[in-house]
Amino acid sequence: MVTTPGWCTISSEEALMTVTGAEAIADVADRLFEAIEQSDIAMVQQLWNEDVIVWKVADRDRDRERALRVIAWFVNTTTDRRYEILDRQLFDGGFVQQHILHANGRNGGSIAMRVCIVIKLGANGLISRIDEYFDPAEIAPLLESADSQRR
């Protein structure tokens, strides 16, 4: 092994574990957003720890059941959803992602909402914490009645 000043040396076994960890984190990320796009709330539940904490801007921490009700509301309020991933950075134990969430509401409204989300995984590989940052006003078109959309 050659050691360069300012650099640390890791064994090939440590490097393999890092790659494997990164692949596992990326897999959870892909599966989470695909599940929401496909209206698969059961898969979202499988990816979350029992004691997951979900926080979003302008709100308090939510427990698992309350956060799942919000996901179910979103899936049931929209006819289709798509995540346009702008950037995803993995870190030890999770990832940060910037995306634009595109969705069409059953009421005729649509959104293209820019979001930054920080997701941490527990030792078991399941999601243990979600911090979500977006402008709450951007979800308004999904909340408006179909009549107010036509005016």
Side-chain angles (χ1 to χ4, degrees), residues 10 13-151:
I10 60 174
E13 184 177 299
E14 288 173 313
L16 180 60
M17 288 191 305
T18 302
V19 169
T20 303
E23 288 173 354
I25 292 168
D27 181 59
V28 167
D30 291 341
R31 290 171 51 207
L32 174 66
F33 296 108
E34 182 180 326
I36 295 169
E37 285 179 339
Q38 300 299 317
S39 307
D40 190 348
I41 297 168
M43 176 56 70
V44 173
Q45 287 179 295
Q46 290 176 21
L47 294 169
W48 286 6
N49 258 334
E50 287 297 320
D51 60 351
V52 67
I53 299 295
V54 179
W55 177 89
K56 67 181 181 67
V57 71
D59 200 5
R60 64 180 190 269
D61 286 349
R62 295 175 182 258
D63 64 20
R64 187 175 198 264
E65 292 311 310
R66 184 175 164 128
L68 284 170
R69 284 195 303 271
V70 170
I71 295 281
W73 170 86
F74 180 69
V75 165
N76 292 325
T77 300
T78 55
T79 57
D80 58 282
R81 296 146 300 284
R82 179 176 60 84
Y83 290 90
E84 177 186 345
I85 299 172
L86 304 173
D87 188 31
R88 180 185 290 164
Q89 299 291 321
L90 305 181
F91 60 84
D92 188 25
F95 66 95
V96 177
Q97 177 172 298
Q98 293 179 56
H99 59 255
I100 299 174
L101 172 55
H102 300 272
N104 293 303
R106 296 190 187 283
N107 65 357
S110 65
I111 61 169
M113 186 169 69
R114 188 161 180 144
V115 178
C116 179
I117 193 164
V118 181
I119 295 185
K120 295 180 182 174
L121 296 136
N124 60 1
L126 298 176
I127 296 170
S128 62
R129 179 156 185 108
I130 300 172
D131 292 277
E132 192 172 26
Y133 302 86
F134 60 90
D135 180 356
E138 291 185 11
I139 205 154
L142 300 179
L143 302 172
E144 296 171 0
S145 70
D147 289 337
S148 66
Q149 293 276 328
R150 290 188 205 109
R151 288 183 206 165

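Both backbone and side-chain heavy atoms feed into the values below; hydrogens, waters and symmetry mates do not.
- Rounded to the nearest 0.5 Å, atoms CD (Glu50) and CG (Asn124) are 10.0 Å apart.
- For the salt bridge (Lys or Arg N to Asp or Glu O under 4.0 Å) condition, the pairs that include at least one residue of residues 121-130, sequence neighbours left out, are Asp61-Arg129, Arg129-Asp131.
- Using a 4.5 Å cut-off on side-chain heavy atoms (C-beta onward), Trp55 and Arg62 make no contact.
- Residues Ser128 and Leu121 fail the side-chain proximity criterion, which asks for heavy atoms closer than 4.5 Å.
- Side chains of Ile53 and Asp63 form no contact here, defined as non-hydrogen atoms less than 4.5 Å apart.
- Residues satisfying the side chain to side chain donor-acceptor pair (under 3.5 Å) criterion with Glu84, sequence neighbours excluded, are His102.
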Could you go step by step and tell me if Ile25 and Phe91 meet the side-chain contact (heavy atoms from CB on, under 4.5 Å) rule?
-> CA-CA 9 Å; Ile25 292 168; Phe91 60 84; over 6 Å; no
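- The NZ atom of Lys120 lies 11.5 Å from the CG atom of Asp92; values are rounded to the nearest 0.5 Å.
- With hydrogens and angles ignored, the 3.5 Å screen pairs no side-chain donor or acceptor of Asn49 with any backbone N or O of Asp51.
- Taking each heavy atom of Val28 and Gly125 in turn, the nearest pair found is CG2-O, 3.6 Å.
- Interatomic distance, Ile130 CD1 to Lys56 NZ, rounded to the nearest 0.5 Å: 12.5 Å.
- With sequence neighbours excluded, no residue forms a ring pair (Phe, Tyr, Trp, His ring centres under 6.0 Å) with Phe95.
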Return all side-chain donor-acceptor pairs below 3.5 angstrom for residues 132-143, not counting sequence neighbours, or 'none' if the list is empty.
residue : atom : partner : partner atom : Å
Asp135  : OD1  : Ala137  : N            : 3.0
Glu138  : OE1  : Arg114  : N            : 3.4

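- A side-chain donor-acceptor contact under 3.5 Å links Thr79 to the backbone of Asn104.
- Looking at heavy atoms from C-beta onward, Ile117 lies in side-chain contact with Phe33 at the 4.5 angstrom threshold.
- For the pair Ile36 and Val44, the minimum side-chain heavy-atom distance is below 4.5 Å.
- Considering only residues two or more places apart in sequence or on other chains, Arg64 meets the side chain to side chain donor-acceptor pair (under 3.5 Å) condition with none of them.
- Asp40 places a side-chain N or O within 3.5 Å of a backbone atom of Met43 that can act as its donor or acceptor partner.
- Within 6.0 Å of the CG atom in Asp87, the count of heavy atoms belonging to other residues, nucleotides or ligands exceeds 12.
- Side-chain atoms of Arg81 come within 3.5 Å of backbone atoms of Thr78 as a donor-acceptor pair (strictly under, hydrogens ignored).
- Residue Leu32 holds its CG atom at 6.0 Å from CG of Leu47, rounded to the nearest 0.5 Å.
- Put simply, the side chain of Gln97 never gets that close to the backbone of Ile85: no donor and acceptor are under 3.5 Å apart.
- Expressed to the nearest 0.5 Å, how far CG of Leu126 lies from CD of Gln45 amounts to 12.5 Å.
- Residues Ala72 and Ile41 come closest through the heavy atom pair CA-CD1, 3.5 Å.
- Asp27 contributes no side-chain N or O that, together with a main-chain N or O of Glu23, makes up a donor-acceptor pair within less than 3.5 Å.
- For Phe74, there are no ring pair (Phe, Tyr, Trp, His ring centres under 6.0 Å) partners two or more places apart in sequence or in a different chain.
- Salt bridge absent: Asp80 and Arg106 never bring a charged side-chain N and a carboxylate O closer than 4.0 Å.
- With values rounded to the nearest 0.5 angstrom, Tyr83 atom OH is found 8.0 Å from Met113 atom CE.
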